[in-house]
Engineer: 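My questions all concern the structure below.
What you see below is based on every heavy atom in this structure, not just the backbone, and it leaves out hydrogens, waters and symmetry mates. For ligands, and for the atoms within them, numbers begin at 1 and follow the listed sequence.
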Amino acid sequence: MATEPLATEALLQVDLAAIVSNWRDLCARHGAAVAGVVKADGYGLGAPAVARALAGAGCRHFFVAQFSEGVALRAALGPVPAIAVLSGFPPGADPSGTLVPVLNGPADIAAWAAAGPPAAGCILHLDTGMERLGLSPAERATLVPGALDGLDLRFVMTHLACADEPAHPLNAAQPARFAEAAAAFPGIPRSLANSAGIFHGAAMASDLARPGCALYGINPTPGHDNPMRQVLRLLVPVLQLRHVPAGTPVGYGATWVAKRDSRVATIAAGYADGYLRALSSRGIGIVAGRPVPLVGRVSMDLITLDVTDAPDLRPGDRVEMIGPGQTPDEVAALAGTIGYEVLTGLGARYRRQYLPA
Ligand SMILES: *Cc1c(COP(=O)(O)O)cnc(C)c1O
């Protein structure tokens, strides 16, 4: 009798219905238009699939970071939704294209004023306290009258530095500075809140919110219950199980030594798949709803787990390393980072499965 080959590849499941549900929830909270921020390949989950699902639900505005991301997204989405490029266009980009550059400084404005407006219009970024991109107050003051005439401005925008820390004074200062700066552009719609900003309510409402992380299930209200639905599950198969007698070390550097006679599972993912090495002897896997500890170092392609207390686990079974039982935020906290980094680091080797919207 032939035996079935055992799974050796990790599976990354992305629940598009959960992403759409999160977007609708954000629309209801914001009470005005809500874009989808799909930079960095949709925070690691796959920009084409995510954006198609959101467009199907009625999302009409997308943001990417880089021009090449915008070109790829346009091919995936077809002609209708607006796609804005947060870092602007590279020199020589074709202005007759269908992407919208964000103008982040006087040089961007001058370049488009000389070239004529891009066919799809522009967005002007006004810095109100992030000190990263966008026109500073001093730069705004030196704009000659008419510098922006004919540039076909679609939005003015700013970006919040501390929306995930509600008590931070910048949360009062930035919307006020934005209102003042945007007043110089009467009639132009405004774009303000990121995910966390939407949860500040009316104080951070605008014509277009730009959430990213909350779409993907990251908690936009740190310190409070996560209002978003979980979106992904990373299921990693067991390649082998071995008996490890008490006193025996496991893995590179022999950093973990079994305190009791143990059963150790070796599973098929590692730091090359974005499972952070900082999780060595800190991470957990979920087996049958229960946590099992990661033991020893995370290696490039493999992770070892102490599954002594999960006696039913067999080779080929899949262990949940990220998912509802252990969210990206929780994985990030164990690794000393943020959920964004866990998501955007998700590796290219996972077999990806999209659960339909
Ligand atoms: C990344 C980004 C966003 C989305 O931020 P989240 O915190 O993920 O919601 C919005 N606006 C700009 C300018 C960004 O760079």
Side-chain angles (χ1 to χ4, degrees), residues 19 22-23 25-27 29-30 32-45 47 50-51 54 59 61-67 69-70 73 82-88 99-105 108 122-135 154-166 168 170-171 174-175 177-178 181-182 189-200 204-223 226-229 231-232 327-329 332 337-346:
I19 294 177
N22 286 338
W23 181 76
D25 178 78
L26 296 170
C27 291
R29 290 176 193 274
H30 189 238
V34 174
V37 178
V38 296
K39 60 193 181 185
D41 197 24
Y43 288 46
L45 301 186
V50 168
L54 291 175
C59 183
H61 298 271
F62 292 90
F63 285 84
V64 294
Q66 297 183 352
F67 184 73
E69 295 180 312
L73 189 64
I83 301 175
V85 180
L86 289 166
S87 297
L99 303 177
V100 182
V102 174
L103 309 183
N104 288 307
D108 294 350
C122 313
I123 294 176
L124 182 66
H125 187 172
L126 307 168
D127 184 35
T128 56
M130 181 77 169
E131 302 292 349
R132 191 177 68 167
L133 288 175
L135 270 80
R154 303 287 168 95
F155 285 94
V156 289
M157 64 170 268
T158 196
H159 190 48
L160 299 164
C162 303
D164 57 354
E165 295 172 46
H168 198 287
L170 271 176
N171 289 316
Q174 285 196 273
R177 292 175 192 164
F178 184 47
R190 302 174 185 187
S191 176
L192 173 57
N194 61 350
S195 297
I198 291 172
F199 288 80
H200 290 248
M204 293 193 186
S206 70
D207 300 300
L208 182 67
R210 303 184 312 274
C213 74
L215 297 172
Y216 309 107
I218 288 177
N219 189 356
T221 60
N226 189 348
M228 311 320 297
R229 271 175 65 178
V231 163
L232 87 157
T327 66
D329 290 322
T337 182
I338 55 174
Y340 298 68
E341 192 177 24
V342 168
L343 293 189
T344 56
L346 287 167

Engineer: Verify side chain to side chain contact (heavy atoms under 4.5 Å, CB included) between M157 and L208, making sure each step is shown before the conclusion.
Structural biologist: CA-CA 9 Å; M157 64 170 268; L208 182 67; over 6 Å; no
Engineer: Distance check, rounded to the nearest 0.5 Å: I123 atom CD1 versus D108 atom CG?
Structural biologist: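 The distance works out to 12.5 Å.
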Engineer: Just one of V231, V37, V50, L54 clears the side-chain contact (heavy atoms from CB on, under 4.5 Å) bar with L215, so which one?
Structural biologist: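 Checked V231, V37, V50, L54 against L215; only one passes side-chain contact (heavy atoms from CB on, under 4.5 Å): L54.
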Engineer: For ligand 1, list every N/O pair with the protein closer than 3.5 Å, one pair per line with the distance.
Structural biologist:
residue	atom	partner	partner atom	Å
ligand 1	7 (O)	Y340	OH	2.7
ligand 1	8 (O)	Y43	OH	2.5
ligand 1	8 (O)	C213	N	2.8
ligand 1	9 (O)	S195	N	2.9
ligand 1	9 (O)	S195	OG	2.6
ligand 1	9 (O)	G212	N	2.8
ligand 1	11 (N)	H159	ND1	3.3
ligand 1	11 (N)	R210	NE	3.0
ligand 1	11 (N)	R210	NH2	3.2
ligand 1	15 (O)	K39	NZ	2.7
ligand 1	15 (O)	R132	NH2	3.4

Engineer: Got a sec, which residues hit salt bridge (Lys or Arg N to Asp or Glu O under 4.0 Å) with R229, two or more places apart in sequence or on another chain?
Structural biologist: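 With sequence neighbours excluded, R229 shows a salt bridge (Lys or Arg N to Asp or Glu O under 4.0 Å) to D15, given in chain and number order.
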Engineer: Specify whether Y43 and Y340 have parallel, tilted or perpendicular ring planes, treating 30° as the upper limit for parallel and 60° as the lower limit for perpendicular.
Structural biologist: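 Y43 vs Y340 ring planes: tilted.
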Engineer: So does Q66 get a backbone contact from the side chain of E69, meaning a donor-acceptor N/O pair under 3.5 Å?
Structural biologist: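 Here the side-chain-to-backbone pair exists.
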